[in-house]
Amino acid sequence: MPAIAVLGAQWGDEGKGKIVHLLCRDADFCVRFNGGTNAGHRVVTSRIPALVGANGDDEPTETQEFKFHLIPAGALHENCICVLGNGMVIDPYALVQERNALRDALRGREPNIYISYGAHLLLPYHPIIERLEGSQSALDTTAKGIGPAYRDKAARIGLRMVDLLFPKTLPEKLQRVLAHYQSIWPEVKELQQFQSEALRDELLKLTETFRQRIIDTVQLLHDALEQEKQIVFEGAQAALLDLDFGTYPYVTSSTATIGGIGSGAGVPPSRVNRVIGVAKAYTTRVGHGPFPTEIHNDLGDRLRQQGHEFGTTTGRPRRCGWLDLVALRYVSKLDGLSELALTKLDVLAGLAEIPVATAYRYQGSTLHEFPAVCEMLSECEPIYEKLPGWDEPLGECHHFSDLPRAAQDYVRFIEDEINLPLSLISVGPGEDENLWR
Ligand code: GDP
Ligand code: IMO
Ligand code: MG
């Protein structure tokens with residue numbers, strides 16, 4: 001039984017959540033290994049197992065949408081154990097809220113979650129610090145406090161999930177980090193109001209119902225591998241937002257590429273058998289940073305409207321552009337992709353022609369390799385190949401051969417250019433709008 005990784009291959013929001021949900025139908029574990037509430041993974045389903053059971057086995061329930069931020073998107077499947085790995089930063093207030101909302105939607109069924117000892121706590125002062133430092137506006141982050149929480153981890157002043165199991169030493173640890181920030185911003189009341197004992201009490205009360213779920217998830221996952229259980233690793237964010245390999249500094253603060261599974265879940269990437277990159281049939285980006293194929297005219301608005309390109313977490317309009325094969329080839333190498341899932345092909349219907357970037361023009365020469373350096377990337381002009389479009393909506397296509405010829409050619413062109421099989425083509429947000437090949 002394989003371990004499968006599902007990784008964002010662009011700048012996020014490629015449809016990872018939907019694909020993870022589909023794959024977890026047959027999985028024993030679904031594991032998040034990076035990020036926090038900056039992730040927003042939307043799943044649209046008419047077959048929530050718990051509810052289908054109530055209606056009779058094969059009868060679809062009414063269509064419902066779920067937005068996952070911290071809880072892995074496999075959580076709708078009753079038999080799938082969800083793991084929040086050590087590479088995550090977890091806002092316990094948000095986790096309780098998300099868990100309660102999910103439990104209500106599942107008619108009282110408790111989501112099957114385990115949280116790593118080593119996952120870091122994202123606490124209420126982190127978003128305040130992010131705002132005070134100005135990175136929220138300079139980078140256009142999700143404003144959730146992600147950067148400061150990961151920085152505390154690297155500076156070794158962060159608090160971890162396991163600290164909630166040792167209430168006696170918790171105030172001392174909280175005091176250390178609070179004193180640090182309170183001394184930097186003595187005039188900021190919002191920060192001065194935190195007191196270590198009071199915060200400890202609040203955290204203990206808040207986490208009462210899930211503290212027994214804070215465990216050694218490294219052991220749990222290695223036992224699972226030993227027993228040949230099927231594991232789906234759910235990437236958050238994406239390669240071009242990766243702290244090391246993305247378009248720094250316009251990136252997130254965690255490892256969103258394959259190595260994140262090793263550092264953020266304790267499972268060596270060599271144990272992963274399938275690495276599925278997820279890319280839209282075009283490109284989007286939320287937040288600042290270079291984006292060579294961005295469309296600055298009405299066509300960009302059209303993609304935004306047709307693709308509902310507004311953030312799952314923050315509602316911000318996403319910047320839209322054409323597919324960038326230079327970037328995808330780079331990501332394929334970084335992640336060792338075995339295949340690509342192409343989502344939102346339906347959104348391209350109705351265009352006379354579809355430009356796809358195959359190379360860049362940079363200072364008079366042609367580049368075939370992606371320069372992940374903002375100073376260079378922002379000067380790159382895409383060199384486009386223009387492919388014929390199609391008019392037919394794709395929502396009713398159930399097999400690859402149902403797609404209009406031009407859509408099939410679009411897919412084959414990408415396959416040839418990036419030298420990867422496109423194993424899944426998705427033509428709508430739902431569970432039945434996926435063409436596996
Ligand atoms: P994630 O962060 O990678 O999980 O992606 P998001 O959930 O943030 O954004 C992807 C959006 O596209 C969600 O609203 C999905 O419901 C939607 N979606 C996924 N696949 C398709 C598709 O093939 N076609 C269309 N039209 N929408 C899709
Ligand atoms: P999913 O998992 C799209 C972007 C933010 C910002 C930058 C840094 O849904 O694909 P952060 O708050 O992480 O410090 O912000 O990264 N960003 C995302 N963009 N999808 C995401 O997650 C993102 N998570 C962070 O917009 O540009
Ligand atoms: Mg998203």
Side-chain angles (χ1 to χ4, degrees), residues 6-22 32 34-45 63 65-70 72-73 88-89 122 126-127 130-131 133 135-151 234-243 246-254 256 277-291 303 305-319 341-349 393-395 397 424-435:
V6 176
L7 304 175
Q10 294 165 322
W11 276 287
D13 302 327
E14 298 89 350
K16 300 175 290 293
K18 160 187 155 155
I19 291 168
V20 166
H21 166 73
L22 288 175
R32 277 277 305 270
N34 76 304
T37 49
N38 49 350
H41 297 175
R42 180 167 176 260
V43 173
V44 176
T45 174
T63 302
E65 95 170 340
F66 294 86
K67 290 175 180 175
F68 294 96
H69 301 287
L70 290 168
M88 293 184 72
V89 288
L122 187 150
H126 287 123
E130 184 170 29
R131 203 187 59 236
E133 285 177 331
S135 55
Q136 181 184 326
S137 47
L139 305 177
D140 199 10
T141 68
T142 59
K144 302 288 182 187
I146 301 294
Y150 277 112
R151 189 183 44 207
E234 176 182 359
Q237 290 78 55
L240 301 178
L241 290 172
D242 181 275
L243 181 58
T247 47
Y248 190 90
Y250 302 101
V251 293
T252 191
S253 302
S254 67
V278 187
K280 283 178 195 175
Y282 48 99
T283 311
T284 62
R285 171 164 207 173
V286 210
H288 300 330
F291 180 0
L303 286 184
Q305 295 308 327
Q306 267 173 235
H308 304 289
E309 296 297 355
F310 297 89
T312 306
T313 296
T314 58
R316 290 175 296 168
R318 297 174 181 146
R319 299 158 65 192
L342 191 76
T343 59
K344 301 192 112 165
L345 188 61
D346 53 303
V347 176
L348 295 181
L394 307 185
C397 297
L424 172 70
I425 312 299
S426 115
V427 294
E431 288 156 313
D432 298 323
E433 296 169 305
N434 304 289
L435 321 177

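As a basis for the values below, the full set of heavy atoms in this structure was taken, side chains included, without hydrogen atoms, waters or symmetry mates. Counting starts at 1 for both ligands and their atoms, in listed order.
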Whether [X] lies under 4.0 Å from ligand 1, heavy atom:
| X | value |
| --- | --- |
| Gln10 | no |
| Gly40 | yes |
| Gly428 | yes |

Is the closest side-chain heavy-atom distance between [X] and [Y] below 4.5 Å?
| X | Y | result |
| --- | --- | --- |
| Leu303 | Leu348 | yes |
| Trp11 | Thr284 | no |
| Glu234 | Val6 | no |

For [atom], grab the closest protein heavy atom and report residue, atom and distance to one decimal in Å.
| atom | result |
| --- | --- |
| atom 26 (N) of ligand 1 | Asp346 OD2, 2.8 Å |
| atom 11 (C) of ligand 1 | Lys344 NZ, 3.7 Å |
| atom 23 (O) of ligand 1 | Ser426 OG, 2.3 Å |
| atom 10 (C) of ligand 1 | Asp13 O, 3.6 Å |
| atom 16 (O) of ligand 1 | Arg42 NH1, 2.7 Å |

Subject >> ligand 1 contact on Lys18 by region, counting heavy-atom pairs under 4.0 Å >> reply: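 Only the side chain of Lys18 comes within reach of ligand 1.
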Original post:
Under a 4.0 Å heavy-atom limit, does Val278 contact ligand 1 with its side chain, its backbone, both, or neither?
Top reply: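 Near ligand 1, Val278 shows nothing, with every heavy atom at 4.0 Å or more.
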Verify whether one side chain among [X] and [Y] offers a donor that lies under 3.5 Å from an acceptor in the other.
| X | Y | value |
| --- | --- | --- |
| Lys18 | Ser426 | yes |
| Glu14 | Thr343 | no |
| Thr252 | Asn38 | yes |
| Thr247 | Arg285 | yes |

Original post:
Restricting to pairs with a member in residues 307-317, which pass salt bridge (Lys or Arg N to Asp or Glu O under 4.0 Å), not counting sequence neighbours?
Top reply: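 Those involving residues 307-317 are Asp140-Arg316, Lys280-Glu309, Glu309-Arg318, Glu309-Lys344.
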**OP:** Under the ring pair (Phe, Tyr, Trp, His ring centres under 6.0 Å) rule, collect the residues that match up with Tyr150, sequence neighbours excluded.
**Re:**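 For Tyr150, no residue satisfies ring pair (Phe, Tyr, Trp, His ring centres under 6.0 Å) once neighbours in sequence are set aside.
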**OP:** Would you indicate whether Phe310, at its atom CZ, is surrounded by more than 12 heavy atoms from other residues, nucleotides or ligands within a distance under 6.0 Å?
**Re:**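 Yes, because the 6.0 Å sphere around CZ of Phe310 holds more than 12 heavy atoms from other groups.
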**OP:** Would you mind listing which atoms of ligand 1 come within a distance below 4.0 Å of any non-hydrogen atom of His41?
**Re:**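 Answer, ordered by atom number: 1 (P), 2 (O), 4 (O), 7 (O).
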**OP:** Output yes when the distance from some N or O of ligand 1 to some N or O of Gly15 is under 3.5 Å, and no in every other case.
**Re:**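 Looking only at distances, the answer is yes, because the N/O contact criterion of under 3.5 Å is met.
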Original post:
Is there any N or O on Gly17 that sits under 3.5 Å from an N or O of ligand 1?
Top reply: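 Yes, Gly17 has an N/O under 3.5 Å of an N/O on ligand 1.
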Subject >> Distance, nearest 0.5 Å, that separates OG1 of Thr283 from CG of Asp13 >> reply: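 Going from the OG1 atom of Thr283 to the CG atom of Asp13 covers 12.5 Å.
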Original post:
Around the Mg ion (ligand 3), how many protein N, O or S atoms are there at under 2.8 Å?
Top reply: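 For the Mg ion (ligand 3), the figure is 2.
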**OP:** Report the C-alpha distance between Gln237 and Ile146 in whole Å, list the side-chain angles of each, state the deciding distance to 0.1 Å, and finish with yes or no for side-chain contact (heavy atoms from CB on, under 4.5 Å).
**Re:** CA-CA 12 Å; Gln237 290 78 55; Ile146 301 294; over 6 Å; no
Original post:
Would you call the rings of Tyr250 and His288 parallel, tilted or perpendicular, where under 30° means parallel and over 60° means perpendicular?
Top reply: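 The arrangement is perpendicular - the two ring planes meet at more than 60°.
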Considering only N or O atoms, set out every pair between ligand 2 and the protein closer than 3.5 Å, with distances to one decimal place.
{"residue": "ligand 2", "atom": "2 (O)", "partner": "His41", "partner atom": "NE2", "Å": "2.7"}
{"residue": "ligand 2", "atom": "2 (O)", "partner": "Gln237", "partner atom": "N", "Å": "2.8"}
{"residue": "ligand 2", "atom": "9 (O)", "partner": "Asp13", "partner atom": "OD1", "Å": "3.0"}
{"residue": "ligand 2", "atom": "9 (O)", "partner": "Gly40", "partner atom": "N", "Å": "3.0"}
{"residue": "ligand 2", "atom": "9 (O)", "partner": "Gly40", "partner atom": "O", "Å": "3.1"}
{"residue": "ligand 2", "atom": "10 (O)", "partner": "Asp13", "partner atom": "N", "Å": "2.9"}
{"residue": "ligand 2", "atom": "10 (O)", "partner": "Lys16", "partner atom": "NZ", "Å": "2.7"}
{"residue": "ligand 2", "atom": "12 (O)", "partner": "Thr142", "partner atom": "N", "Å": "2.9"}
{"residue": "ligand 2", "atom": "12 (O)", "partner": "Thr142", "partner atom": "OG1", "Å": "2.5"}
{"residue": "ligand 2", "atom": "13 (O)", "partner": "Asn38", "partner atom": "ND2", "Å": "2.9"}
{"residue": "ligand 2", "atom": "13 (O)", "partner": "Thr252", "partner atom": "OG1", "Å": "2.6"}
{"residue": "ligand 2", "atom": "20 (N)", "partner": "Asp13", "partner atom": "OD1", "Å": "3.1"}
{"residue": "ligand 2", "atom": "20 (N)", "partner": "Asp13", "partner atom": "OD2", "Å": "3.4"}
{"residue": "ligand 2", "atom": "22 (O)", "partner": "Gln237", "partner atom": "NE2", "Å": "3.4"}
{"residue": "ligand 2", "atom": "24 (N)", "partner": "Gln237", "partner atom": "NE2", "Å": "3.2"}
{"residue": "ligand 2", "atom": "26 (O)", "partner": "Val286", "partner atom": "O", "Å": "3.1"}
{"residue": "ligand 2", "atom": "26 (O)", "partner": "Arg316", "partner atom": "NH2", "Å": "2.8"}
{"residue": "ligand 2", "atom": "27 (O)", "partner": "Val286", "partner atom": "O", "Å": "3.0"}

